[in-house]
Amino acid sequence: MAHREREHEEQHAVAHEEQAAMTVPDSTGKSASVKKRQEKILATVREKGFATIEALAKTFQVTPQTIRRDINMLTREGLLHRYHGGAGLESSTENLAYSDRKVLCRQEKCRIAAMVAAHIPDHASLFINIGTTTEEVARALHSHQRLRVITNNLNVAGILAGYDNVEAIIAGGLIRHRDCGIIGEATIDFIQQFKVDYGIIGISGIDLDGTLLDFDFREVRAARAIIDNSRKTFLVADHTKFGRNAMVRLADITEIDALFTDAMPPTALREKLEAADVSYYVADQD
């Protein structure tokens, strides 16, 4: 009897929380209050390394069921890893599957891509590297005239192949089956033959100290070659990349010329960008 009463009270509390949180959802389907709480949960776990459901529920004054739901959502987005009784940091050695990354934050990536395309003039030469956000940039270039694009991404090459006004050049090397990225020594040698106007690169994580991080050292070496052989480098990264963990260092964020994202960078990153005179652009949600 006491168990049923407690269960009824918990269900009533969840319903009350959901009713109180009912605001207009953003493009991810989250209300502003849910999004804010999940950002704080993420910050807490990143600070401590692990947090129990009980402690998080007490901190945010919500039910354990609500915290579990938040953790499940953050886990699906690749930001946390759910453990029995709590949540910890995601793996630094293994990225999300390409099929999951392709749909994660799709609308945000499209807005970022449109903003990047607006900064690319006609008759320009570009590198575009591996990544789901860079693939959206390729799609956003459909109306540009007389572009020459060098890429180590078969998905990007396939997109650009449909544009009569773009000349696409594919780097040689080893095809990584899981996402059709091209990597290896031959890829780096090929990239180093060019000097282009714009290098457009994606990244798996941006540490709050400004370090750009990825999971595959071979992909990082190709991206490093793109940075070194571009007159300007544009980094494209949605908000889930801020503070995300990965094991291979690519560069420091001060080595790029501009960051294109969908949310204001954390204060520490913003201060570093401004001190180094690196531009950052935040896509309009509209």
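Position 1 is the first residue of the sequence; numbering continues from there. All values below were derived from every heavy atom in this structure, side-chain atoms included, with hydrogens, water molecules and symmetry-related copies excluded.
With 3.5 Å as the limit, one finds a donor-acceptor pair spanning the side chains of Thr240 and Asp238. Side-chain N/O atoms of Asp214 and Ser204 include a donor and acceptor closer than 3.5 Å.
Applying ring-ring contact (aromatic ring centres under 6.0 Å, His included) to Phe234 and the options Phe260, Tyr280, Tyr281 leaves one that passes, Phe260. Under the side chain to side chain donor-acceptor pair (under 3.5 Å) rule, Lys272 has a single partner from Asp252, Thr254, Thr267, which is Asp252.
Checked for salt-bridge contact, Asp197 and Arg231 meet the test: a charged N lies under 4.0 Å from a carboxylate O.
Side-chain atoms of Ser230 never come within 3.5 Å of backbone atoms of Thr233 as a donor-acceptor pair (strictly under, hydrogens ignored). Proximity of a side-chain donor or acceptor of Lys232 to a complementary backbone N or O of Gly199 within less than 3.5 Å is not detected. A donor-acceptor pair under 3.5 Å is absent between the side-chain atoms of Thr66 and the main chain of Val62, judged by distance alone. Panel note: side chain Asn152, backbone Ile182; a donor-acceptor pair is recorded below 3.5 Å. The closest donor-acceptor contact from the side chain of Lys109 to the backbone of Glu136 lies at 3.5 Å or more, if one exists at all.
Two rings, from Tyr198 and His119, have their centers 6.0 Å or more apart.
Follow the hydrophobic side-chain contacts under 4.5 Å out from Val137 and you reach Leu126 in the same cluster.
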